[in-house]
Amino acid sequence: MAPRLRFAPSPTGYFHVGGARTALYNWAFARQQGGTLILRIEDTDVERNKEEWVEGIYDAMRWVGLTWDELYRQSERMALYEAAAAQLEATGHAYWCDCTRGDIDARAKERGGPPGYDGHCRDRGLRAGDGRALRFRTPDDGVTVVHDIIRGDVEFPNATLDDPIIVRSNGTPIFVLANVVDDADMRITHVVRSEEHLPTTPKYILLWHALRAGGGAEGRPGELPVFAHCPVVVNEQRKKLSKRRDPVALELYRDEGYLPEVMVNYLALIGWSPPDGRERFTLEEMVRDFRLEDVGRSPGFFDVKKLRAFNGDAIRAMTVDDFVAAVEPFAVQLPWADQFDVDRFRTVAPLVQERVEVLSEAAPMVDFLFLDEPVVDEAAWAKAMGDEQAGAVLDAVATSWESIEWRADVIGEVTLAAGEPLGLSRKKAQAPVRVAITGRSVGPPLWESLELLGREPALARLRSARARL
RNA sequence: GGCCCCAUCGUCUAGUGGCCUAGGACACCACCCUCUCAAGGUGGCGGCACGGGUUCGAAUCCCGUUGGGGCUGCCA
């Protein structure tokens, strides 16, 4: 039987890299096995869900090329959860509870025991009503074992499980209930999700069996899925990524100019590596080589530096035309977009291509070729023009440019030569010129830039810089 | 507090009892190249958390300790 997987994000914030990695593992396994990938939006908590976050999930997944075969929204399936809850109540697996958080904490403190729910309402025979939530009755003894492809068998003593709420007092289901009901209904065979869900998995399994034992006519669970709890992606403090605190929204990376294929390549590497140990691979290669049992067990840090390095390599590997085409959407968003000229950019593109790591850096690197005046970096100016020889260098260079053939190699030759009578090293001679022309101390090769800029504009910038000294 | 997971260079990892004097990648450092910055080349720094076992032999297996993380929500 072909496997059926599901990726089940909740739209309570932007879509982050950890979610993307989980989606990727689900996707790779499903595609490899010729299985089905279901995208299930877990939006049962009306309080904190937002429609824009749902769109964010779709956009993000499309951006990295993770396609899904079936789409569901839990908010449209409430009847199913209600029926399951009713069944659990009817079979004695669930009971109504009117305890508030305060009640529970007070009792825990009073008896001096561990915090948590004590089963206070188990046998009170409460009926549904205002302020009452439905709890699932967990066994008092025995052990529930989770069979996990990545972690092996994990055992949980049932006595350590509190009776979880499965239906809120407002009638909406809690995620573990909706999860079990949907996984059963959708005939999910593999639950591939992040490690943080491992501790609640025994409740999932118990719920599953309770639903099956109930003997309801329809929607009865079949075979329990197998689990694969992937290690979480953590921040620098080694904590689970937080949507609020950590700048890890996938769209952030897209907007900065990371390539989607690099993104998935890097993401896959946090927790998995191909059998031959190579680090660069395509989605196709991953689909071929991916194995759930090869996924690691320890949490991984999302290292932007490595991502950047990979992205830089990928950018350099592009054809010039592809690179230019990829840069254009970023250029048109610039404040000076109206001055940007693709064809002009194309002539310096190879020079820019090997100097950027993200696409958004490309056009700004050569802004001086498009603007009437270079934007001057004051620190660079102070350093380059601080030398008492600076003015003399600018004058000498300007003179040398007057009548030469305006070609990069010639420009370079005469410019460097111009500094020699002044006793300046080559490095020193080019610095004031570079700042006068580009406004900065670093950038693409100067001679080529000058050739493209043109003699008159170049001389004008030299004069302008001279005047400012 | 209770339960659970995890533990190889700074980071991501390879390693599944001898091939390990522990390999790679990113980062970092040095040098070369060089009009700046990159790119590229060469070299370097750097790790099996600790303690007990098991074994002829342990990064690899077992136990403990320590450390980190997660869950313990009418969030997912």
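Below, read A as the first sequence line, B as the second, and so on, with proteins coming before strands; counting in each chain starts at 1. Scope of the values below: all heavy atoms of this structure, side chains included, with no hydrogens, waters or symmetry mates.
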- [ ] For B:rC28 and B:rA38, measure between their P atoms and round to the nearest Å.
- [x] 10 Å
Task: Residue pair A:Ser75 / A:Asp43, side-chain donor-acceptor N/O under 3.5 Å - done: yes
Task: B:rU55 to B:rC63 separation - C1' atoms, rounded to the nearest Å - done: 16 Å
Task: Mate of B:rA25 where both pairing distances stay under 3.5 Å, Watson-Crick or G-U - done: B:rU11
TODO: Consider only side-chain N and O atoms of A:Arg168 and A:Thr172, and report whether a donor and an acceptor are under 3.5 Å apart.
DONE: yes
Task: Side-chain donor-acceptor pair present, A:Arg21, A:Asn26, cut-off under 3.5 Å - done: no
Task: Spacing of A:Trp447 atom CH2 relative to B:rC37 atom C1', expressed in whole Å - done: 13 Å
Open item on the list: Tell me if the centroids of the rings in A:Phe302 and A:Tyr253 come within less than 6.0 Å of each other.
Closed with: yes
Open item on the list: Using the P atom as the point on both nucleotides, what is the distance between B:rU72 and B:rU54, in whole Å?
Closed with: 42 Å
- [ ] Would you please say whether a donor-acceptor pair under 3.5 Å links the side chains of A:Trp96 and A:Glu89?
- [x] yes
Task: Between A:Glu279 and A:Asn265: side-chain donor-acceptor atoms closer than 3.5 Å - done: no
TODO: Quickly work out the A:Leu446 CG to B:rC35 C1' distance and round it to whole Å.
DONE: 7 Å
Open item on the list: Taking only the P atom of each, what is the distance from B:rA59 to B:rA22 in whole angstrom?
Closed with: 11 Å
Open item on the list: Applying the Watson-Crick and G-U wobble criteria at under 3.5 Å, what pairs with B:rG67? Answer none if nothing qualifies.
Closed with: B:rC6
Open item on the list: Base, sugar-phosphate or nothing for A:Arg316? Non-hydrogen atoms, less than 4.0 Å.
Closed with: sugar-phosphate
TODO: Sort out the partner of B:rC74 for me: Watson-Crick or G-U wobble, both distances under 3.5 Å, none otherwise.
DONE: none
Task: Euclidean distance for C1', B:rC50 against B:rU13 (whole angstrom) - done: 23 Å
- [ ] Spell out yes or no: do the side chain of A:Glu448 and the base of B:rC35 have one donor N/O and one acceptor N/O closer than 3.5 Å?
- [x] yes
TODO: Could you state the atom-to-atom distance from CG of A:Asp118 to C1' of B:rG2 in whole Å?
DONE: 15 Å
TODO: Scan A:Arg308 against the nucleic acid and name what it touches under 4.0 Å (heavy atoms): base, sugar-phosphate only, or nothing.
DONE: nothing
Open item on the list: At under 4.0 Å between heavy atoms, how does the protein contact nucleotides 19-28 of chain B? Give one character per nucleotide, 5' to 3', with B, S or -.
Closed with: -----BBSS-
- [ ] May I ask you to say what A:Pro164 touches in the nucleic acid, namely base, sugar-phosphate or nothing, with a heavy-atom cut-off under 4.0 Å?
- [x] nothing
TODO: Please state whether the rings of A:Trp401 and A:Trp406 are parallel, tilted or perpendicular, taking 30° and 60° as the class boundaries.
DONE: perpendicular
Task: Result of checking A:Arg297, A:Arg193, A:Glu195, A:Glu196 against A:His229 for side-chain hydrogen bond (donor to acceptor under 3.5 Å, both in side chains) - done: A:Arg193
Task: Protein-nucleotide distance (A:Ile150, atom CD1; B:rU16, atom P), rounded to Å - done: 20 Å
Open item on the list: For A:His197 and A:Phe175, I'd like to know if the aromatic rings sit close, meaning centre-to-centre distance below 6.0 Å.
Closed with: yes
Task: For atom CZ of A:Arg434 and atom C1' of B:rU34, their distance in whole Å - done: 11 Å
Task: Whole angstrom value for the distance that separates C1' of B:rU36 from CG of A:Asp377 - done: 13 Å
Task: Complementary nucleotide of B:rC56, counting Watson-Crick and G-U pairs under 3.5 Å - done: B:rG18
Task: Residues, nucleotides or ligands: over 12 heavy atoms within 6.0 Å of A:Glu285 CD - done: yes
Open item on the list: What contact category does A:Ser298 fall into here, base, sugar-phosphate, or nothing, at under 4.0 angstrom with non-hydrogen atoms?
Closed with: sugar-phosphate
Task: Rounded distance in Å - CG (A:Leu351) to P (B:rU34) - done: 17 Å
Task: C1' spacing across the pair B:rA14 / B:rG24, given as an integer number of angstrom - done: 7 Å
- [ ] Round to the nearest Å and state the distance from A:Arg111 atom CZ to B:rG2 atom P.
- [x] 14 Å
Task: Whole-Å P distance, B:rU8 and B:rG53 - done: 24 Å
Open item on the list: Once you apply a heavy-atom cut-off of 4.0 Å, does A:Arg297 come out as touching a base, just sugar-phosphate, or nothing?
Closed with: sugar-phosphate
Open item on the list: Is it true that A:Asp321 and A:Thr319 share a donor-acceptor pair across their side chains at a distance under 3.5 Å?
Closed with: no
Open item on the list: Protein within reach of the bases, or only the backbone? For nucleotides 63-76 of chain B, mark each nucleotide 5' to 3' as B, S or -, using heavy atoms under 4.0 Å.
Closed with: ------SBSSBBSB
Task: Span that lies between the P atom of B:rC12 and that of B:rC48, in whole angstrom - done: 16 Å
Task: Complementary nucleotide for B:rA30 - Watson-Crick or wobble, under 3.5 Å - done: B:rU42
Open item on the list: What contact category does A:Gly412 fall into here, base, sugar-phosphate, or nothing, at under 4.0 angstrom with non-hydrogen atoms?
Closed with: nothing
Open item on the list: Classify A:Glu155 by what it touches in the nucleic acid, base, sugar-phosphate, or nothing, heavy-atom distance under 4.0 Å.
Closed with: sugar-phosphate
Task: A:Tyr266 and A:Asp303: side chain donor to acceptor below 3.5 Å - done: no
